[in-house]
Amino acid sequence: MDTVNAAVIYYSATGAVHTMARAAAEGAAEAGAEVRMHRVRELAPASAIELNPAWAEHLRATADVPEATLDDLAWADVVIFGTPTRFGTPASQLKAFIDTTGPLWQQGKLADKVYAAFTASSTAHGGQESTLLGLHNTFHHWGGISVPPGYTDPIQFQSGNPYGASHVTAAGPPDEIAREAARYQARRAVGVTATLKAGRAA
Ligand SMILES: Cc1cc2nc3c(=O)[nH]c(=O)nc-3n(C[C@H](O)[C@H](O)[C@H](O)COP(=O)(O)O)c2cc1C
């Protein structure tokens with residue numbers, strides 16, 4: 001059977017979403033996928049970043065993570081996006097990357113892939129669901145196949161978010177529950193993709 005190509009494309013300012021992206025990448029690999037974990041380009045001015053030491057430090061610490069390109073999307077059979085919640089919506093850095101996908105979309109190259117999304121916010125009711133559903137709006141425009149985790153695994157009753165893996169950072173960095181939810185979400189998305197890919201090849 002063909003290997004599934006899985007892209008984890010994320011933005012993270014202070015590291016929470018990066019930790020979840022790593023967990024998602026682990027989950028995708030556990031499910032047998034070839035994985036690319038790439039970050040979208042930082043667009044904020046250095047003057048804003050340097051005012052927040054955690055932001056500046058994370059940017060430096062992840063300088064070796066490759067920047068996401070349109071080729072990652074073209075290559076992938078399944079794309080899992082990660083973003084912090086920003087006033088209830090995805091981060092503008094991730095949105096800016098998404099806004100460069102017009103040519104791929106026009107050629108139909110974003111259609112028929114599997115998509116999923118995860119997030120982090122500082123508060124429990126701070127807009128995780130609207131952020132995730134906002135990304136799924138885009139997947140609909142692409143003709144993608146949304147694969148949310150739902151409550152299809154016991155970890156989902158612990159993490160509690162059927163729309164996508166998520167973490168509330170007020171309590172600290174992503175814990176094992178949030179990381180396992182991200183791993184599970186990726187395993188599930190890759191599993192569905194493998195089934196689709198095998199069916200299409202048959
Ligand atoms: C501009 C801005 C807007 C934010 N908006 C929200 C929000 O609407 N709700 C919330 O709970 N947290 C909000 N946060 C907090 C981040 O979502 C939270 O710190 C997130 O976990 C950071 O992820 P990161 O460490 O990967 O950058 C906001 C942070 C910033 C800087």
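In listed order, ligands and their atoms are each counted from 1.
- Taking all heavy atoms of Val17, Thr169, Thr131 into account, the minimum distance to atom 21 (O) of ligand 1 is reached by Thr169.
- In this structure, Tyr10 has its ring center at least 6.0 angstrom away from the ring center of Phe81.
- Counting only heavy atoms from C-beta outward, the side chains of Val78 and Lys113 never approach each other to under 4.5 Å.
- For the residue pair Tyr115 / Thr138, no side-chain donor-acceptor distance below 3.5 Å is found, with atom types taken as modelled.
- Short contacts between ligand 1 and Ala13, defined as distances under 4.0 Å to a heavy atom of the residue, involve ligand atoms 24 (P), 26 (O), 27 (O).
- The nearest heavy-atom contact from the protein to atom 25 (O) of ligand 1 is Thr14 OG1, 2.5 Å.
- In this structure, atom 13 (C) of ligand 1 lies nearest to the protein heavy atom Thr85 O, 3.4 Å.
- In the candidate list Ser122, Ala124, Ser12, Gly127, Ser122 is nearest to atom 10 (C) of ligand 1, counting heavy atoms.
- Considering backbone and side-chain atoms together, Gly126 places an N or O closer than 3.5 Å to an N or O of ligand 1.
- In this structure, atom 20 (C) of ligand 1 lies nearest to the protein heavy atom Ala120 O, 3.7 Å.
- A salt bridge links Asp99 with Lys95: the closest approach of a Lys/Arg side-chain nitrogen to an acidic carboxylate oxygen falls below 4.0 angstrom.
- In this pair, His136 and Phe139 present their aromatic rings perpendicular. The plane angle is above 60°, beyond the 30 to 60° band.
- Counting only heavy atoms of the protein, atom 22 (C) of ligand 1 lies nearest to Pro84 CB, 3.8 Å.
- Ranking protein heavy atoms by distance to atom 5 (N) of ligand 1, first place goes to Phe87 N, 2.8 Å.
- Considering only heavy atoms from C-beta on, Lys197 stays 4.5 Å or farther from Thr3 through its side chain.
- For Arg187 (side chain) and Glu30 (main-chain N/O), no donor-acceptor pair under 3.5 Å exists by modelled atom type.
- Taking only nitrogen or oxygen atoms, main chain and side chain alike, Tyr11 does not reach within less than 3.5 Å of ligand 1.
- A donor-acceptor pair under 3.5 Å is absent between the side-chain atoms of Ser166 and the main chain of Ala120, judged by distance alone.
- Of the candidates Asp71, Asn5, Thr69, Asp71 is the only one forming a side-chain hydrogen bond (donor to acceptor under 3.5 Å, both in side chains) with Arg36.
- When only interatomic distances are considered, the shortest N/O to N/O separation between His18 and ligand 1 does not fall below 3.5 Å.
- In this structure, the protein non-hydrogen atom closest to atom 2 (C) of ligand 1 is Arg86 CD, 3.4 Å.
- Proximity of Gly88 to ligand 1 is established by a heavy-atom distance of less than 4.0 Å.
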